[in-house]
Amino acid sequence: GTTNMPKDEFNERVDYLGANVSFRSNGASVRSLTKYFSEVLGLMADGVKNPKFTQEEFDKVIERTLEGIKSNEKSVEAVASRVEDALVYGKDHPYGEFITKESIKNITLQDAKNNYNTYYKPNNAYLVIVGDINPSKTKTLVKSLFNDWKKGTIPAASYNVPTNVNTTEINFINMPNAVQSQVAVINTIDLTLGDKDYYAALLANNILGGGGTARLFMNLREDKGYTYGSYSSLSQDKNKNAGIFKASAAVRNIVTDSAVVEIQKEINKIRYQKVTPEELKNSKAEYIGSFVRNVQKPSVAANFALNIARYNLPSNFYEKYLENINSVTLDDVQNAAIKYFKGDKARIIITGKAIDVLKNLEKTSEYKINYFDAYANPTEKPEMSLPIPAGTTASSVVDNYFKAIGGKDKVASINSLMISSEAKVQGMQLSLVQKSATPNKSSVVVSMMGNVMQKIIFDGTKGYQEVQGQKKEMAGDDLEEVKNTTTPFADKAYKTGTLDRIEPIDGKNAYVIKHGKKEIFYDVKSGLKVKEVKTAKGPQGNMKVPVIFSDYKEVNGIKFPYKMIQKNGPMNIEFIVKEIKINEGVSDADFK
């Protein structure tokens, strides 16, 4: 809201006009039909000049920000992004700073007001208007709306110029919950819009990692099957050495070391060998097509005008854009790659699970490895495992689990079990009904929006899988695996597994039992099962499919996990148990 119009009234007026008005810490923007433009620009001007900062709204923002920080604490992607910026730029550089719970709690409403009063000034701003307008009338309108906006003194900012490492090194951040490693090869660059080799640098990056036909994607996904996608990016900046070259991929833990080798191989290849004429031709065509498609968009035209002003570019900069793209040669591309893709002076930043990744990384990597925590502080090498107490075995761990959930006698009294769970996937309801009975019968039925999508049925001796009506009998290893399962509690079979290690999960230690294609995790302190990881065949080779168990509740004296989170590619599916029936609700017909 503003001092002239309450927030609700302001938003209602914007909605009524079918417009969009938004404000941010470093600017504001509007979009509207031409016939409403005068009023909508007036609303923006009122917000720019007369914002109403209230304690109530400030507290809401603080609360949302803290919730966002909390939700990202275990996000490998969020931690990787934060640490990458902090290491590449330095924590004291504006681009390397990051927010924490402590820093947010230190901010007051007055700090927000002071920031606005210091930097929201007309002598620190550009106003770009694009549309079907009358320039003379628009200038008159702008003067009438902004003439009383007072200038101010803008403080000068100074900070260290970011530097690259002298020799390529690996910076490793341990995330024990990571099922994939975030791998990024990064170096800073001194590149500004309009530099002589700007266009060559764009094309070099596009050939290396600009999309689904670029070299990184074709190598790491199409050829090797390490990842869903691998890309590179190039950013320019007015400030010295503040631009970035980055080649990255999210890869399976087991191939992290190989992914580093392949990314570096592609970076070095484009530096030391000229790209092909065909690659350059296709890359130029892609840029030209994109330029032609986007140049008609008002927002793009506005950015073009803003860039010309901010970077002091020639007024015909974008008129000559296609001409400059077309003039790039094979030599230009190689020279730009040598200059900006510093594979020999880059940080290889890996955020992943140390216990799965480091052993192979140390074997195959020629680079020094430095270790950091989730806030870019230097640390020692992570503990790879903890000693297993004498006398502790897979059998004793499982016995302790049965004790934790209610006792062996209670578990032994269960002849059948029905568990019904629900999840939401992209807004659609997913239903999971699991039924089991002694001796070793099981049924899993997955439905979406009431329609059965998948069935897995086993009657104790034979079984089948059915996916969208296509039925396939169990055979070979799949049949043997399910025959060796024990129901209603699979954990009975895990007593014959191998107690492999103690591994920290989310700050708590867990015993890890290996049994066939599974790893099963039991909390050392509570005894409860907290995770299962199954190795399964996928389109890109073997992949690990984790299921996390939590929120245990008692049913007839036995504890069951009421929340199960399954990782399915890049998506988490959270199942919440709706009903559990013990020794009822299950019949022989369920296993036909």
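- With hydrogens and angles left out, the side-chain atoms of D46 and T2 include a donor and acceptor closer than 3.5 Å.
- Not counting sequence neighbours, the partners of D190 by the side chain to side chain donor-acceptor pair (under 3.5 Å) test are K240.
- Remark: Q55 pairs with D59 by the side chain to side chain donor-acceptor pair (under 3.5 Å) rule, at least two apart or across chains.
- Sorted by first then second residue, the side chain to side chain donor-acceptor pair (under 3.5 Å) pairs that include residues 143-152, not counting sequence neighbours, are K49-D148.
- No side-chain donor from either of N187 and N164 sits under 3.5 Å from a side-chain acceptor of the other.
- Formation of a donor-acceptor pair under 3.5 Å by the T168 side chain with backbone atoms of A346 is found in this model.
- Looking only at side-chain heavy atoms (C-beta outward), T188 and T163 stay at 4.5 Å or farther from each other.
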Determine, stepwise, if the pair Y116 / F53 fulfils ring pair (Phe, Tyr, Trp, His ring centres under 6.0 Å). CA-CA 10 Å; Y116 165 80; F53 296 106; 5.6 Å; yes

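- Using a 4.5 Å heavy-atom cutoff, the side chains of H93 and N160 are not in contact.
- For the residue pair N219/K224, the side-chain donor-acceptor check at 3.5 Å is satisfied.
- Between A45 and F146, the closest heavy-atom pair is CB-CZ, 3.6 Å.
- Although no hydrogens or angles enter the test, the distance criterion places a donor-acceptor pair under 3.5 Å between the side chain of T140 and the main chain of S136.
- Within the structure, side chain to side chain donor-acceptor pair (under 3.5 Å) pairs that include any residue of residues 32-41 comprise R13-E39 (at least two apart or interchain).
- Every side-chain contact (heavy atoms from CB on, under 4.5 Å) that S431 has, sequence neighbours left out, goes to V433, S447.
- At distances below 3.5 Å, at least one donor-acceptor pair connects side-chain atoms of S230 with backbone N or O atoms of S248.
- A heavy-atom distance below 4.5 Å is not found between the side chains of F341 and I189.
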Apply side chain to side chain contact (heavy atoms under 4.5 Å, CB included) to the pair I244 and I186, showing each step before the final yes or no. CA-CA 7 Å; I244 282 286; I186 310 177; 3.8 Å; yes

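- By the 4.5 Å heavy-atom criterion applied to side chains, L43 and V30 are not counted as neighbours.
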Taking it one step at a time, do Y340 and F245 satisfy ring pair (Phe, Tyr, Trp, His ring centres under 6.0 Å)? CA-CA 7 Å; Y340 296 115; F245 165 72; 9.4 Å; no

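- Counting heavy atoms from C-beta on, the side chains of S181 and K353 never come closer than 4.5 Å.
- Among residue pairs with one or both ends in residues 93-122, those qualifying as salt bridge (Lys or Arg N to Asp or Glu O under 4.0 Å) are E73-K101; sequence neighbours excluded.
- Between the side chains of T329 and D332, at least one donor-acceptor pair of N or O atoms lies under 3.5 Å.
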Just do the side chain to side chain contact (heavy atoms under 4.5 Å, CB included) check on K284 and N326 with the steps written out, would you? CA-CA 7 Å; K284 287 180 178 180; N326 271 323; 4.0 Å; yes

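- Taking both residues in full, the closest heavy atoms of V333 and A200 are given as N-CB, 4.3 Å, listed atom of the first, atom of the second, then distance.
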Evaluate side chain to side chain contact (heavy atoms under 4.5 Å, CB included) for S232 paired with L216, printing each intermediate quantity in order. CA-CA 8 Å; S232 65; L216 286 173; 3.9 Å; yes

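- Although no hydrogens or angles enter the test, the distance criterion places no donor-acceptor pair under 3.5 Å between the side chain of E574 and the main chain of I565.
- Aromatic ring pairs are classed by plane angle as parallel below 30°, tilted from 30° to 60° and perpendicular above 60°; the pair Y321 and Y199 is perpendicular.
- Not one N or O on the side chain of S81 forms a donor-acceptor pair closer than 3.5 Å with the backbone of A78.
- Other residues, nucleotides and ligands contribute over 12 non-hydrogen atoms within 6.0 Å of the CG atom of D373.
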side-chain hydrogen bond (donor to acceptor under 3.5 Å, both in side chains) assessment of S283 paired with N206: CA-CA 7 Å; S283 188; N206 195 47; 2.9 Å; yes

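- Not one N or O on the side chain of K70 forms a donor-acceptor pair closer than 3.5 Å with the backbone of T65.
- Residues passing the side-chain contact (heavy atoms from CB on, under 4.5 Å) test with L87 are V83, N171, R347, I349, F372, A376, sequence neighbours excluded.
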side-chain hydrogen bond (donor to acceptor under 3.5 Å, both in side chains) for T138 and N134? Distances and angles first, verdict last. CA-CA 6 Å; T138 303; N134 179 302; 5.8 Å; no

Distance-only donor-acceptor hits, side chain of residues 301-320, under 3.5 Å, sequence neighbours excluded:
| residue | atom | partner | partner atom | Å |
| --- | --- | --- | --- | --- |
| N303 | ND2 | S299 | O | 3.4 |
| N307 | ND2 | N303 | O | 3.3 |
| N307 | ND2 | Y318 | OH | 2.9 |
| Y311 | OH | Q236 | NE2 | 3.1 |

Using the side chain to side chain contact (heavy atoms under 4.5 Å, CB included) rule, take V79 and M175 through it: C-alpha gap first, then chi angles, then the decisive distance, then the call. CA-CA 9 Å; V79 169; M175 290 287 287; 3.8 Å; yes

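- In this structure, D195 has no side chain to side chain donor-acceptor pair (under 3.5 Å) partners at least two apart in sequence or on a different chain.
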Anything under 3.5 Å between a donor and an acceptor, one on a side chain of residues 122-133, the other on a protein residue two or more places apart or in another chain? List them.
| residue | atom | partner | partner atom | Å |
| --- | --- | --- | --- | --- |
| N123 | OD1 | G152 | N | 3.2 |
| N123 | ND2 | G152 | O | 2.6 |
| N124 | ND2 | Y119 | O | 3.2 |

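- Within the 4.5 Å cutoff, side-chain heavy atoms of R215 are placed close to those of E279.
- In this structure, the side chain of N294 engages the main chain of S290 through a donor-acceptor pair within 3.5 Å.
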Go through the steps to decide whether K246 and E84 satisfy the test salt bridge (Lys or Arg N to Asp or Glu O under 4.0 Å), and finish with yes or no. CA-CA 10 Å; K246 175 179 176 180; E84 286 169 10; 2.9 Å; yes

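- For the residue pair D85/Y95, the side-chain donor-acceptor check at 3.5 Å is not satisfied.
- For E57 and K7, the salt-bridge test passes: some basic side-chain N is under 4.0 Å from an acidic carboxylate O.
- By the 6.0 Å contact criterion, CG on D92 is open, its count of non-hydrogen atoms from other residues, nucleotides or ligands being 12 or less.
- Counting only heavy atoms from C-beta outward, the side chains of D237 and T192 never approach each other to under 4.5 Å.
- Residues satisfying the side chain to side chain donor-acceptor pair (under 3.5 Å) criterion with Y287, sequence neighbours excluded, are absent altogether.
- Contact of the V467 side chain with the M453 side chain is not registered, since no non-hydrogen atoms from C-beta on lie closer than 4.5 Å.
- For the residue pair N268/Q264, the side-chain donor-acceptor check at 3.5 Å is not satisfied.
- A cation-pi arrangement is absent between R252 and Y226, since the terminal nitrogen or guanidinium carbon is not both under 6.0 Å from the aromatic centre and inside a 45° cone about the axis.
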Could you list the donor-acceptor pairs under 3.5 angstrom formed by side chains in residues 14-24, with sequence neighbours left out?
| residue | atom | partner | partner atom | Å |
| --- | --- | --- | --- | --- |
| S22 | OG | S29 | OG | 2.9 |
| R24 | NE | N26 | OD1 | 3.3 |

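- Here the shortest heavy-atom pairing between Y120 and S25 reads CE1-O, 3.5 Å.
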